[in-house]
Amino acid sequence: MRLATWNVNSLKARLSRVEEWLAYARPDVVCLQETKLSDAAFPHLAFSALGYESVHHGNGRWNGVAILSRVGVDDVVPGFAEGVEADTDTRVLTARCGGVSVTSVYVPNGRSLDDEHYRYKLDWLAKLREHLAVVASPAEEVAVCGDFNVAPEDRDVWDPGAFAGSTHVSPPEREALAALGSWGLSDGFRACYPHEDQLYSYWDYRSGDFHEHRGMRIDLVLLSEPLESRVKWSLVDRNARKGKQPSDHAPVLVDLDYRADRSQGARS
DNA sequence: ATGGTAGAGCATCTA
């Protein structure tokens, strides 16, 4: 099974790039973020033409998350689960795809450490853990994929010195991310590249950051142990960050060994 | 010199 996550920075502006990418990457399950669409405007038909069922949770203004799947979509939970304080934004969506509990997340940016949005970010990450405890168990096959707006380690940003006192690297954010780890999730991409640095998934549009390799690794595929043990290969597809009208994020994909006894036709 | 670019949408806000 091939899992992928991609912050597309407006699906309306990016649809042709996403269609092109799906046609050659052929992921089984894709989590999208920053669709910036209402549910009514989501292009289900464009994805069904490529063999994907799709679900979306958006408000039409900012954020907005989706899941595309070639292996089924069931048990859809838009937003935080019942029992968790509701979100004011549309940043999380969970569904069961081919036996895997899949959650697409777009963690708040935080803006700056003294901004109230930073407190919202920390609270949001705490609620994400509550949400996962309701909808899934770490003993099951769980994938939480998306734009976490947190670089797990200093080596995940191009210059740690440039981020001193900024969001995305602060200890409280990293502790909130680590709390997801202690619940039972680990970094499926990093598992394939334990010693390699300068691996990024996001580059600011400004100042030629992409071509100067000034990036951050903030798009993550977090996996429970039953999936982590099956990780075969992973990649940031930097080609998708090139060319005409790219997103500022590249898609991240993780390949899992196929297990015929559990899947539902993913490799037909 | 708080710059630079992209997207939504029409004045700025978000990133």
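Naming: A, B, ... by sequence-line order, numbering from 1 per chain.
Separation of the P atoms belonging to B:dG9 and B:dA15 is 15 Å when rounded to the nearest angstrom. For B:dG3 and B:dC13, the P atoms lie 14 Å apart once the distance is rounded to whole Å. Using P as the reference atom, B:dT14 and B:dC10 are 15 Å apart when rounded to the nearest Å.
As rounded to whole Å, 17 Å separates atom C1' of B:dT5 from atom NZ of A:K244. To the nearest angstrom, C1' of B:dT14 lies 11 Å from CG of A:N149. Rounded to whole Å, the distance from NZ on A:K121 to P on B:dT14 is 15 Å. Rounding to whole angstrom units, CE of residue A:M216 and C1' of B:dA15 are separated by 12 Å. Note: CZ (A:F148) to P (B:dA15) measures 17 Å, nearest angstrom. Summarising the geometry, the separation between CG on A:D248 and P on B:dT14 is reported as 16 Å, rounded to the nearest angstrom. Across the protein-nucleic acid pair, A:H211 atom NE2 and B:dG4 atom C1' stand 14 Å apart, rounded to whole Å. Across the protein-nucleic acid pair, A:D219 atom CG and B:dA15 atom P stand 14 Å apart, rounded to whole Å.
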request  = Go through the steps to decide whether A:T167 and A:H117 satisfy the test side chain to side chain donor-acceptor pair (under 3.5 Å), and finish with yes or no.
outcome  = CA-CA 11 Å; A:T167 59; A:H117 200 255; over 6 Å; no
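Here A:R91 lies in heavy-atom contact (under 4.0 Å) with sugar-phosphate atoms only. No engagement by A:F210 is indicated, since no non-hydrogen atom pair under 4.0 Å with the nucleic acid exists.
In terms of position along DNA chain B, the nucleotide closest to A:R206 lies nearer the 5' end than the nucleotide closest to the other residue of the pair A:R206 and A:Y202.
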Check the interface with nucleotides 6-10 of chain B: list each N/O to N/O pair with the protein under 3.5 Å, or write none.
from  : atom 1 : to    : atom 2 : distance (Å)
B:dG7 : OP1    : A:R14 : NH1    : 3.1
B:dG7 : OP1    : A:R14 : NH2    : 3.4
B:dG7 : O3'    : A:S10 : OG     : 3.2
B:dA8 : OP1    : A:S10 : OG     : 2.3

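For the pair A:R214 and B:dG4, the criterion of a side-chain N or O lying under 4.0 Å from OP1 or OP2 is not met.
Using a 4.0 Å cut-off between a side-chain N of Lys or Arg and a carboxylate O of Asp or Glu, A:R174 and A:D156 do not qualify as a salt bridge. Salt bridge status for A:R214 with A:D209: present, with a side-chain N to carboxylate O gap under 4.0 Å. A salt bridge is absent between A:D255 and A:K232: the closest approach of a Lys/Arg side-chain nitrogen to an acidic carboxylate oxygen does not fall below 4.0 angstrom. Using a cut-off of 4.0 Å between Lys/Arg side-chain N and Asp/Glu carboxylate O, A:K127 and A:D123 are scored as not salt-bridged.
For A:Y205, there are no ring-ring contact (aromatic ring centres under 6.0 Å, His included) partners two or more places apart in sequence or in a different chain.
A continuous path of hydrophobic side-chain contacts links A:L222 to A:L128 [ILVMFWY only; heavy atoms under 4.5 Å].
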